[in-house]
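One structure is given here, and the rest of the page talks about it.
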Amino acid sequence: MSDAPILRDTERTTGRSALQNNIQAAMALAGAVRSTLGPRGLDKLLIDDDGRTLVTNDGVTVLESAKVEHPVARMMINASSVQDKIARDGTTSTVLMSAEMLQNAWHLVTQDVHPAIIARGFRMAETHAHEVLMELTLESEFKHRLLATRTSLAGKGHHSMQILLSELAVEAAEAIQVETENGIIADPTRVKILPQSGGSISDTRLVTGLVLAKNRIHEDMPRVAGAGKILLIDGGIERRSMKNDMKINVTSPGVLESFRAKEVELLQEQIDHLKTLGIGLLACKEGIDEEAKIMLANEGIQAFRRVARSDLDLLARGCGATLISDVKRATSKDLGAFISSKNETWGSVAHWIVETEEGGATLIACGSTETVLGEVERSFADALGVACRMLEDKRLLAGGGATHVALARRLRRFAETIPGREQLGAEAFADALEVIPRVLAENAGLDPIDTLLQLVAAQVNGGEDSHHLGLDLLNRKPADMVESGVLEPYLIARQSIAGATEAAISILRIDDVLWAKQDPSMADVPEME
Ligand code: ADP
Ligand code: MG
């Protein structure tokens, strides 16, 4: 092949071999997370460059930490990351379905069906899948949402941790939900996670309000403050720091004293301004000088210094305050409101607890070791994300592969109505969804093919709610997933199918891959299993 000069430093694969390479990369990637799917999934031990280790069962964590440079593999990892961002769950499923779609597409390509036609078939099937998915949903009650949150923690930590964290996540989500014109919104970033080493997982609890491991800066300040106004400073109340090249000319004995007195006077002016504003509570990102501490205590203001920017932001949102950098410029408009602010000592550590109008909650995460604590934090964050999404759309679907089998059956019937070759693409799409029950079975030590056939037969012969029949991994036979409490949020399943399709279609459309030769590492395709 004679490449144009512009492509001289480039390696090029085109047409079928480009597609084959890309599909292999996608499948190798799916192979890396396959064994983590479901409650019986295995854990992966990840080791970073510094030798730090992390044991995880979470598909997206595995993928994001892997050093994969193949561009197509990266596209799949992105699909999984997007899933994680939007839905907080379903990341492994997304990658598995996408790779399976591509593998099925490859069979068709070898039979001379053009990738563009397959992609069209995929799109038709996906559109129909979303309609069917909606019909398969059930309205949820509180207890169902609790179960769905617990399902999202399947395979992470032990059972009692899953129960505790899912309950706390649902409680936290309800605490921070707000009604807007566009329905309920629950923003998980409004819940703070405060890790505390020592203690056991069962000490993990939720506290209303924002909790910071901070003490008020002076003993004489009130320990407890009732409702009042708060000012947040993106700086400190300090004397101006002397610059290295600054000089004070001492011409008479009193100069230094008057210089110091002037500085204290400036601090006093700032405190006086705070007094006029009538605040009861003050939080600074930076320091507060000794003299200012006493002045603040004299005014009965409760003050905290060296508060992390992230906490100041949470406070600002909770109290409706604006962060200001210059105390003297603060106006009453910048102030926020709090309901109560108190100092409490837990164990031997001082804590500051602020309650505000706009809710906000803090998870006090406990665990005996750093590893356990990390797992509690990550699992709670995932469960919270799911619980929040579920408040925004309360519909649920049956898990354990039930929905995927039901969807595949309906899509195969739909495919038959397509007269052209796209029919083959739509069928390949339908079959790909069954990867979920197959892999769930495989990871539980069951025969994937027999189990899938059993499940399909059970749904065909079942009654009205046969689409609830999925894999009961405890009893190793088909069971009603709604009765077993294996439920999944509709939004998560929908997003996972949409993301998988998007990634598969974009990979199918690539028929030309140009590798820049100067970066040989780019050609690393992960090993096939
Ligand atoms: P993902 O990253 O895709 O969320 P998970 O490892 O969390 O992967 O596995 C999710 C799958 O496991 C879902 O299909 C869910 O229905 C299924 N699952 C979870 N708990 C159970 C259970 N107790 N019985 C059967 N299937 C389950
Ligand atoms: Mg999951």
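One-based numbering, in listed order, for ligands and for the atoms of each. For the numbers below, each heavy atom of this structure counts, side chains included, while hydrogens, waters and symmetry mates do not.
Using a 4.0 Å cut-off between heavy atoms, Asp472 makes no contact with ligand 1 at all. Under 4.0 Å from ligand 1, not a single heavy atom of Met481 appears. At a heavy-atom cutoff of 4.0 Å, ligand 1 is contacted by both the backbone and the side chain of Thr91.
For Glu488, a nitrogen or oxygen atom sits less than 3.5 Å from a nitrogen or oxygen atom of ligand 1, counting backbone and side chain alike. The shortest N/O to N/O separation between Thr151 and ligand 1 does not fall below 3.5 Å. The shortest N or O to N or O distance between Ser152 and ligand 1 is not under 3.5 Å.
If you check which protein heavy atom lies closest to atom 4 (O) of ligand 1, you get Asp89 OD1, 2.8 Å. In this structure, the protein non-hydrogen atom closest to atom 20 (N) of ligand 1 is Ala154 CB, 3.4 Å. Considering only non-hydrogen protein atoms, atom 21 (C) of ligand 1 sits nearest to Pro39 CG, 3.4 Å. Summary of contacts: the protein heavy atom closest to atom 26 (N) of ligand 1 is Gly400 CA, 3.3 Å. The protein heavy atom nearest to atom 9 (O) of ligand 1 is Gly38 N, 3.1 Å.
Taking CG of Leu19 as the reference point, atom CG of Leu508 lies at 6.0 Å (rounded to 0.5 Å). For the atom pair CG (Asp431) and CZ (Arg412), the distance works out to 5.0 Å, reported to the nearest 0.5 Å. To the nearest 0.5 Å, atom CE of residue Met390 and atom CD1 of residue Ile184 are 13.0 Å apart.
For Ile163, the CD1 atom counts as densely surrounded, since its 6.0 Å shell holds more than 12 non-hydrogen atoms of other residues, nucleotides or ligands.
Near Gly399, the atoms of ligand 1 lying under 4.0 angstrom from a non-hydrogen atom of the residue are 16 (O). Within ligand 1, the atoms closer than 4.0 Å to a non-hydrogen atom of Leu440 are 12 (O), 17 (C), numbered from 1 in the order shown. The contact set between ligand 1 and Thr36, taken as ligand atoms under 4.0 Å from a residue heavy atom, comprises 6 (O). Those atoms of ligand 1 with a heavy atom of Thr92 less than 4.0 angstrom away are 1 (P), 2 (O), 3 (O), 8 (O). Counting atoms of ligand 1 from 1 in the listed order, those under 4.0 Å from a heavy atom of Leu37 are 3 (O), 6 (O), 8 (O), 9 (O). Heavy-atom proximity to Val486, at under 4.0 Å, picks out these atoms of ligand 1: 21 (C), 22 (C), 23 (N), 24 (N), 26 (N), 27 (C). Using a 4.0 Å cut-off to heavy atoms of Ser93, the atoms of ligand 1 that qualify are 1 (P), 3 (O). Near Leu471, the atoms of ligand 1 lying under 4.0 angstrom from a non-hydrogen atom of the residue are 24 (N), 25 (C).
Residues Arg395 and Glu488 are not paired through a salt bridge, judged by the lack of any N-O separation under 4.0 Å between the basic side chain and the carboxylate. Electrostatic pairing of Arg317 and Asp313 does not count as a salt bridge here, judged by no charged N lying under 4.0 Å from a carboxylate O. Using a 4.0 Å cut-off between charged nitrogen and carboxylate oxygen, Arg88 and Asp382 count as a salt-bridge pair. Using a cut-off of 4.0 Å between Lys/Arg side-chain N and Asp/Glu carboxylate O, Arg413 and Glu416 are scored as not salt-bridged.
A donor-acceptor pair under 3.5 Å is formed between the side chain of Thr127 and the backbone N or O of Arg123.
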Assess whether side-chain contact (heavy atoms from CB on, under 4.5 Å) is satisfied between Leu212 and Lys192, documenting all intermediate values. CA-CA 9 Å; Leu212 291 85; Lys192 179 180 161 156; 4.0 Å; yes

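Residue Asp187 comes nearest to Ile176 through the heavy atom pair O-CD1, 3.1 Å, listed as atom of the first residue, atom of the second, then distance.
Within Asp89, OD1 is the N, O or S atom that lies nearest to the Mg ion (ligand 2).
In this structure, the side chains of Arg120 and Ile418 stay at 4.5 Å or more apart for every pair of heavy atoms.
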